[in-house]
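Read the structure below first, then the notes.
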Number of protein chains: 2
Amino acid sequence: MRLAPPAGRAYTSPMPDPVAIPIPTLRRLPEYLRVFRDRRDAGDSWLSSEAVGQILGFGAVQVRRDLAAAGASGSPKCGYPVSETVRRLEALPGIRGLSAAILVGSGRLGEAVLADPGMERHGLRIEEIFDLSPDRVDRVLDGRRVLPLSRLPETVRRTGCRLAVLAVDPDQAGAASLALARAGIAGILDLSGAASPFPKDLLVRRFCFASGLAALAGELDARERKKNLDGFPRQT
Amino acid sequence: MRLAPPAGRAYTSPMPDPVAIPIPTLRRLPEYLRVFRDRRDAGDSWLSSEAVGQILGFGAVQVRRDLAAAGASGSPKCGYPVSETVRRLEALPGIRGLSAAILVGSGRLGEAVLADPGMERHGLRIEEIFDLSPDRVDRVLDGRRVLPLSRLPETVRRTGCRLAVLAVDPDQAGAASLALARAGIAGILDLSGAASPFPKDLLVRRFCFASGLAALAGELDARERKKNLDGFPRQT
DNA sequence: CTCTGTGAAACGATTCACAGCA
DNA sequence: TGCTGTGAATCGTTTCACAGAG
């Protein structure tokens with residue numbers, strides 16, 4: 001149940017290699033946390049991998065593998081202990097560890113980020129709000145005053161934030177990312193939809209509604225063509 | 001240049017399988033389109049895979065493979081012909097083909113989707129806006145009147161829309177997805193952050209700011225630990 | 001000589017099948 | 001019997017190395 005070095009794998013560290021969480025798994029972990037929190041709040045004590053899979057649309061085996069990677073263990077016959085699992089998931093770096101972020105951009109998109117009820121549920125917090133347009137600075141949003149970019153370095157130093165959400169217009173993305181990099185931000189969730197290169201040492205994860213939709217359309221198309229070729233996918 | 005059946009791979013279809021675009025590629029294609037459009041608007045005629053890779057943070061080989069999958073060809077020494085490549089990318093299903101979508105949810109998140117300048121650039125269009133809250137219905141947003149869910153089936157039938165963006169509160173996601181499925185929608189971009197299961201026959205792609213941020217934090221952490229172990233990653 | 005295009009190898013994630021425990 | 005946990009096989013993408021065209 002602990003870790004039992006399977007067979008090979010003896011590089012330098014006798015430790016279980018807490019690093020080895022695959023990136024796709026990493027992306028799913030927050031979803032698991034949300035599900036387990038829901039169940040905890042609903043008063044349940046146990047939850048099986050199968051049930052989690054059904055809710056999230058993954059396979060049960062994958063759920064078990066992911067949870068194992070996160071350091072969570074379950075009990076045969078019962079499933080996973082809800083509170084304990086929540087605690088394990090929260091203990092992961094990036095889920096509770098690096099939980100503060102800066103928001104750049106206070107337009108509609110930025111407001112939507114602030115209003116996201118998921119933020120709090122994931123244990124995340126927007127520390128400060130910045131904007132590049134002078135006429136947007138000094139407004140009060142969600143209880144915080146919008147700051148000019150010039151205040152960035154100081155804020156990063158003070159809060160120790162390493163993450164930023166970039167919710168500006170595409171043509172401001174370059175300037176903003178530069179400022180963020182200079183201020184010491186390490187990771188950016190870029191919602192701007194800009195097509196410009198970012199500073200190399202920044203870890204950037206992009207998302208934009210339009211790309212997401214376009215990709216979805218493509219996947220849908222691919223899936224339907226596949227169905228037409230296969231006949232029935234599964235029938236035992 | 002056409003397709004040349006490599007070696008093995010001869011199941012049933014002697015055809016080039018125009019279906020065979022891998023899903024990760026499919027997700028990147030909209031990004032390429034954006035870059036090539038930018039360059040076209042900037043007046044450039046040629047663009048190399050290396051340059052595209054640098055802008056988007058991918059490897060040059062990957063760019064070439066992706067563009068090849070999309071049916072675009074380049075010329076040695078010059079790179080890819082910008083206008084021609086834009087046309088090729090636009091010709092793909094889901095990039096210009098299935099380009100209309102329905103929006104459910106007219107709160108801040110829905111407004112952000114409507115305001116996304118990327119929408120138009122990707123050739124996408126929000127056909128109609130719906131909401132579950134009666135007091136939000138009948139407002140006019142972005143030139144369109146917000147409709148009640150009861151108008152969904154008719155709208156889907158009329159427009160032939162297969163895609164929907166779900167931008168409602170988490171607790172409304174279940175009801176909304178059910179209505180969408182019943183109305184004949186096939187693919188949903190779910191921005192609600194809900195942890196409830198969706199109808200099985202729907203293709204659902206989820207995104208929420210919080211999960212995205214949390215995953216980013218995790219990736220950042222993983223990357224930094226890796227750096228610490230490796231010494232220098234690249235030095236020839 | 002530069003940049004595309006591609007077989008083949010390498011890699012990593014998902015799935016399968018089954019061992020083990022309550 | 002029900003569910004977790006995991007070696008092993010499978011599947012698919014990314015990367016490498018080089019052939020080929022302008």
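Note that this is a predicted model, so its numbers are computed, not measured. Quick note on labels: first sequence line is chain A, next is B, and so on, each numbered from 1.
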Heavy-atom neighbours of A:Glu84 CD exceed 12 at 6.0 Å: yes
base_contact_polar (D:dG7 base, A:Arg65 side chain, donor-acceptor, <3.5 Å): yes
Atom-pair distance (CZ on A:Arg27; C1' on C:dG12), nearest Å: 13 Å
Length of the CD1-P vector between B:Ile23 and C:dG12, whole Å: 21 Å
Validation row: A:Ile188, A:Leu203 side chains within 4.5 angstrom (heavy atoms): no
Earlier contact from the 5' end, DNA chain D, for B:Asp66 and A:Pro76: A:Pro76
D:dT14 phosphate, OP1 or OP2, under 4.0 Å from B:Arg64 side-chain N/O: no
Atom pair distance, as rounded to whole Å: CG in B:Leu56 and C1' in D:dT14: 16 Å
Rounded distance (Å) that lies between atom C1' of C:dT6 and atom CG of B:Leu67: 15 Å
Phosphate-side-chain proximity, B:Gln62 and D:dT13, N/O vs OP1/OP2 below 4.0 Å: no
Gap between atoms NZ and P, on B:Lys77 and D:dG22 respectively (whole Å): 13 Å
Of the listed nucleotides D:dC16, D:dG5, D:dT14, the one nearest the side chain of B:Val61: D:dC16
Rounded distance (Å) that lies between atom P of D:dT13 and atom CG of B:Leu29: 13 Å
Beyond-backbone contact of A:Leu163 with B:Leu220, side-chain heavy atoms, under 4.5 angstrom: yes
Comparing A:Gly59 and B:Ala68 on DNA chain C - which has the more 5′ nearest nucleotide: B:Ala68
Side chains of A:Ser49 and A:Leu67 in contact at under 4.5 Å (non-hydrogen atoms): no
Rounded interatomic separation in angstrom, taking CG from B:Leu26 and P from D:dT14: 12 Å
Length of the CD-C1' vector between A:Glu219 and D:dG12, whole Å: 14 Å
Proximity to DNA chain D (any heavy atom under 4.0 Å), residues of residues 38-52 of chain B only: none
Beyond-backbone contact of A:Trp46 with A:Arg39, side-chain heavy atoms, under 4.5 angstrom: no
Min side-chain heavy-atom separation A:Glu50-A:Val61 under 4.5 Å: no
Close side-chain approach of B:Phe36 to B:Val52, heavy-atom, < 4.5 Å: yes
